[in-house]
A.B. asks: 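Here's a structure for you.
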Amino acid sequence: MSAASNPAVPPLGKYLASSEKKTRDKAVKNLAVFLSSDSENVLPDLEMAKLWKGIFYCFWMSDKPLVQQALAGELAELILTITDVPSSLNFLRGFWTMTVREWNGIDRLRMDKYYMLVRKFVNASFRLLVRTKWDSTTVEEYNSILSGPNGPLCPNDIRVPTSLAFHLSEIYLEELEKALTSSESPPPVPLSTLLLPFIALAARTPTNTTYKHIQSSLFVPLRNLLKSSSGPPSRKKARTSSPDYSKLLVNVCASNSDSDQAMDVDAVRKSILQEIFDVASETETRDTNRRRMYAFYKDAVEDDEDEDSAG
């Protein structure tokens with residue numbers, strides 16, 4: 001929608017960035033009302049950038065833990081306040097564009113609260129996807145927001161802070177489990193599809209530490225989780241304690257095309273491993289990363305074969 005066709009965009013940015021807490025609180029309430037309007041919740045890019053600049057500094061100036069937690073939740077809930085999915089995704093894209101742009105300017109004392117804000121938005125995003133019943137077009141657009149230009153998992157932009165990808169890989173499954181737990185009768189999660197942005201980043205990142213962190217904080221724990229839930233622990237590697245993902249484990253499938261019913265977790269694990277192998281085989285994958293991904297796949301297959309022969 002062009003600015004000309006949306007003349008009623010309120011000047012919320014400057015009120016959101018006010019030094020007065022009462023003014024900021026009122027601006028957040030007005031923003032929720034504005035975004036919940038059927039006719040006015042799609043913002044042009046320039047207005048979205050101004051809005052998110054204001055929201056960023058609104059959160060910047062929240063200085064008490066309970067206030068920060070409440071505000072982070074309130075801001076993330078705006079994704080679900082918006083009345084149509086494309087506008088929700090547009091708002092989410094604005095969040096990630098702002099976060100990537102401003103991240104390196106966040107000082108050490110404020111970093112933890114922005115990590116919390118990211119966590120809240122990841123959770124709200126999953127709840128939005130659950131509400132759409134994991135609609136394939138919506139999930140694809142969501143993945144493109146993460147992996148595309150200005151996204152936190154974009155593999156081709158050296159301006160994207162590595163710490164954002166690290167944080168996402170650490171919290172992704174936790175927030176997915178929380179979203180499922182808070183939803184009534186959620187449809188099966190297309191887990192392999194949801195992991196595509198991380199697999200693509202692992203394949204194409206030029207940074208060794210980024211690849212290693214994604215594998216150690218996401219790929220390995222997930223492989224072990226799905227393996228341990230489908231049978232006895234592997235004799236090859238000791239299992240470590242992990243968070244409870246009971247909701248995910250009983251309500252998972254590989255992709256959107258499988259989402260009518262949950263799949264056996266072992267089948268899902270094999271699907272994810274195959275996806276890692278397939279992406280590793282793509283021409284865009286860096287040679288070093290390709291070797292690592294093949295090694296990860298081979299190790300998992302050999303682990304299966306050892307258990308089969310032992311059984």
A.B. asks: Got Leu128 and Leu89 here, is their nearest side-chain heavy-atom distance under 4.5 Å?
C.D. replies: yes
A.B. asks: Going by distance alone, is a donor N or O of one side chain under 3.5 Å from an acceptor N or O of the other, for Ser281 and Tyr294?
C.D. replies: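 Yes.
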A.B. asks: Is the Trp103 ring parallel, tilted or perpendicular to the Tyr114 ring (thresholds 30°, 60°)?
C.D. replies: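 It falls in the perpendicular class, over 60°.
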A.B. asks: Within the side chain of Asn150, is there an N or O that forms a donor-acceptor pair under 3.5 Å with the backbone of Trp96?
C.D. replies: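 Answer holds: no.
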A.B. asks: Say you draw a straight line from OH of Tyr245 to CG of Leu173; how long is it, rounded to the nearest 0.5 Å?
C.D. replies: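 Between atom OH of Tyr245 and atom CG of Leu173 there are 5.0 Å.
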A.B. asks: Could you check Arg131 against Ser183 for side-chain contact (heavy atoms from CB on, under 4.5 Å), going step by step and ending with a plain yes or no?
C.D. replies: CA-CA 9 Å; Arg131 194 166 71 180; Ser183 304; over 6 Å; no
A.B. asks: Please tell me if the side chains of Pro188 and Val252 come closer than 4.5 Å, counting only heavy atoms from C-beta onward.
C.D. replies: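 No, every pair of side-chain atoms sits at 4.5 Å or beyond.
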A.B. asks: When you measure from the side chain of Asn123 to the backbone of Lys178, do you find a donor-acceptor pair of N or O atoms at a distance under 3.5 Å?
C.D. replies: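 Answer holds: no.
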A.B. asks: Report yes or no: does Asp266 contribute a side-chain atom to a donor-acceptor pair with the main-chain N or O of Lys227 at less than 3.5 Å?
C.D. replies: no
A.B. asks: Any chance you could measure Lys212, atom NZ, to Ile214, atom CD1, to the nearest 0.5 Å?
C.D. replies: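 Reported value, rounded in 0.5 Å steps: 13.0 Å.
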A.B. asks: Cation-pi between Lys113 and Phe59: NZ/CZ under 6.0 Å from ring centre and within 45° of the ring axis?
C.D. replies: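 Yes, a cation-pi geometry holds between Lys113 and Phe59.
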A.B. asks: Is a salt bridge present between Glu175 and Lys120, judged by a nitrogen-to-oxygen distance below 4.0 Å?
C.D. replies: no
A.B. asks: Taking atom CD of Glu140 as the centre, does the number of heavy atoms from other residues, nucleotides or ligands within less than 6.0 Å exceed 12?
C.D. replies: no
A.B. asks: Taking the side chain from Asn143 and the backbone from Pro197, do they hold a donor-acceptor pair closer than 3.5 Å?
C.D. replies: no
A.B. asks: Is the positively charged end of Arg24 above the ring of Tyr57, judged by distance under 6.0 angstrom from the centroid and angle within 45° of the axis?
C.D. replies: no
A.B. asks: Which atom pair, heavy atoms only, marks the closest approach of Val279 to Ala203?
C.D. replies: CG1-CB, 3.7 Å
A.B. asks: Under a 4.5 Å cut-off applied to non-hydrogen side-chain atoms, are Cys253 and Val189 in contact?
C.D. replies: no
A.B. asks: Test of understanding: clusters of I, L, V, M, F, W, Y form through side-chain heavy atoms closer than 4.5 Å, transitively. Do Leu196 and Val130 belong to the same one?
C.D. replies: no
A.B. asks: Mind listing the closest non-hydrogen atom pair of Ser62 and Leu71 along with its distance?
C.D. replies: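 Smallest interatomic distance, heavy atoms only, reads CB-CD2, 4.0 Å.
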A.B. asks: For the side chain of Ser147 and the backbone of Ser144, is there at least one donor-acceptor N/O pair under 3.5 Å apart?
C.D. replies: no
A.B. asks: Tell me whether the count of non-hydrogen atoms from other residues, nucleotides or ligands lying under 6.0 Å of CD in Glu102 goes above 12.
C.D. replies: yes
A.B. asks: Do any N or O atoms from the side chain of Ser271 and from the backbone of Ala267 form a donor-acceptor pair under 3.5 angstrom?
C.D. replies: no
A.B. asks: Please assess Ser169 against Ser217 for the test side-chain hydrogen bond (donor to acceptor under 3.5 Å, both in side chains), listing each intermediate value before the final yes or no.
C.D. replies: CA-CA 6 Å; Ser169 67; Ser217 64; 2.7 Å; yes
A.B. asks: Using the rule ring pair (Phe, Tyr, Trp, His ring centres under 6.0 Å), only one of Phe166, Tyr172, Phe219 pairs with Phe198; which is it?
C.D. replies: Tyr172
A.B. asks: According to a 4.5 Å side-chain heavy-atom criterion applied to Ile, Leu, Val, Met, Phe, Trp and Tyr, with indirect links allowed, do Met98 and Leu168 form part of one hydrophobic cluster?
C.D. replies: yes
A.B. asks: If the threshold is 4.0 Å, N to carboxylate O, is there a salt bridge linking Asp25 and Lys29?
C.D. replies: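 No, this pair does not count.
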A.B. asks: Same cluster or not: Met111 versus Val100, using hydrophobic residues (I, L, V, M, F, W, Y) connected whenever any side-chain heavy atoms lie under 4.5 Å apart?
C.D. replies: yes
A.B. asks: Please determine whether residues Val301 and Val265 belong to a single hydrophobic cluster, defined as Ile, Leu, Val, Met, Phe, Trp and Tyr linked transitively by side-chain heavy-atom distances below 4.5 Å.
C.D. replies: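 Yes, it is one cluster - the side chains of Val301 and Val265 are joined through contacts under 4.5 Å.
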A.B. asks: Do Met293 and Phe277 touch side chain to side chain, with heavy atoms closer than 4.5 Å?
C.D. replies: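 No - every pair of side-chain heavy atoms lies 4.5 Å or more apart.
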A.B. asks: Say whether Leu176 and Leu80 are linked into one hydrophobic cluster, either directly or through other cluster members, by side-chain heavy-atom distances under 4.5 angstrom.
C.D. replies: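 Linked within one cluster.
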A.B. asks: So, taking the atom named CD in Glu170 and the one named OG in Ser163, what distance separates them when rounded to the nearest 0.5 Å?
C.D. replies: 10.0 Å
A.B. asks: Hey, are the side chains of Arg159 and Arg101 touching, using non-hydrogen atoms and a 4.5 Å cut-off?
C.D. replies: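 Result no, sub-4.5 Å side-chain heavy-atom pair not found.
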A.B. asks: Asp299 vs Arg223, test: salt bridge (Lys or Arg N to Asp or Glu O under 4.0 Å). Steps then yes/no.
C.D. replies: CA-CA 11 Å; Asp299 182 68; Arg223 184 189 72 179; 3.0 Å; yes
A.B. asks: Sub-3.5 Å donor-acceptor pair from the side chain of Trp52 to the main-chain atoms of Thr97, do we have one?
C.D. replies: no
A.B. asks: Would you please test Ser87 and Asn90 for side-chain hydrogen bond (donor to acceptor under 3.5 Å, both in side chains) and show each step?
C.D. replies: CA-CA 5 Å; Ser87 297; Asn90 186 46; over 6 Å; no
A.B. asks: Taking all heavy atoms of Glu177 and all of Asp244, pick out the closest pair and write down the distance.
C.D. replies: CG-O, 3.7 Å
A.B. asks: Measuring only between side-chain heavy atoms, which start at C-beta, is Arg93 closer than 4.5 Å to Glu141?
C.D. replies: yes
A.B. asks: For the OG1 atom of Thr99 and the CG atom of Leu164, what is their distance to the nearest 0.5 Å?
C.D. replies: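 CG of Leu164 is found 7.0 Å from OG1 of Thr99.
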A.B. asks: If only atom types and distance count, is the side chain of Arg290 paired as donor or acceptor with the main-chain N or O of Ala280 below 3.5 Å?
C.D. replies: yes
A.B. asks: Do the non-hydrogen side-chain atoms of Val268 and Ser192 ever get within less than 4.5 Å of each other?
C.D. replies: no
A.B. asks: Do you know which two heavy atoms are closest between Ala124 and Ile79, and how far apart they sit?
C.D. replies: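 So the two residues come closest at CB-CD1, 4.2 Å.
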A.B. asks: I want to check something: taking the side chain as every heavy atom from C-beta on, are Leu92 and Tyr142 in contact at a cut-off of under 4.5 Å?
C.D. replies: yes
A.B. asks: Is it true that the side chains of Thr132 and Asp135 contain a donor and an acceptor less than 3.5 Å apart?
C.D. replies: no
A.B. asks: Might you work through the side-chain contact (heavy atoms from CB on, under 4.5 Å) test for Arg286 and Tyr211, ending with a clear yes or no?
C.D. replies: CA-CA 11 Å; Arg286 290 177 175 267; Tyr211 178 89; over 6 Å; no
A.B. asks: Salt bridge check, Arg127 against Glu77: does any charged N sit closer than 4.0 Å to a carboxylate O?
C.D. replies: yes
A.B. asks: Between the side chain of Thr205 and the main-chain N/O of Leu201, is any donor-acceptor distance below 3.5 Å?
C.D. replies: no
A.B. asks: So does Arg291 pair up with Asp287, basic N to acidic O under 4.0 Å?
C.D. replies: no
A.B. asks: For Leu16 and Leu51, run side-chain contact (heavy atoms from CB on, under 4.5 Å): C-alpha distance rounded to whole Å, both residues' side-chain angles, the deciding distance at 0.1 Å, then the answer.
C.D. replies: CA-CA 8 Å; Leu16 288 164; Leu51 177 62; 3.7 Å; yes
A.B. asks: For Leu225 and Arg269, run side-chain contact (heavy atoms from CB on, under 4.5 Å): C-alpha distance rounded to whole Å, both residues' side-chain angles, the deciding distance at 0.1 Å, then the answer.
C.D. replies: CA-CA 9 Å; Leu225 172 69; Arg269 182 182 61 86; over 6 Å; no
A.B. asks: Just checking, is any N or O donor in the side chain of Thr210 or Thr162 under 3.5 Å from an acceptor N or O on the other one?
C.D. replies: no
A.B. asks: Quick one: does any side-chain atom of Ser18 pair with a main-chain N or O of Tyr15 as donor and acceptor, under 3.5 Å?
C.D. replies: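 No: the side chain of Ser18 does not pair with the backbone of Tyr15.
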A.B. asks: First locate atom OG of Ser182, then atom NZ of Lys247, and finally report the distance between them rounded to the nearest 0.5 Å.
C.D. replies: 9.5 Å
A.B. asks: Can you name the closest pair of heavy atoms from Val28 and Cys58 and give their distance?
C.D. replies: CG2-SG, 4.0 Å
A.B. asks: Is Arg204 salt-bridged to Glu282, going by a charged N under 4.0 Å from an acidic O?
C.D. replies: yes
A.B. asks: Working to the nearest 0.5 Å, report the span between CG of Asn251 and CG of Leu248.
C.D. replies: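 Result: 8.0 Å between the selected atoms.
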A.B. asks: Identify the two heavy atoms, one from Leu35 and one from Phe91, that lie closest to each other, and give their separation to 0.1 Å.
C.D. replies: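 Heavy-atom minimum between the residues: CD1-CE1, 3.8 Å.
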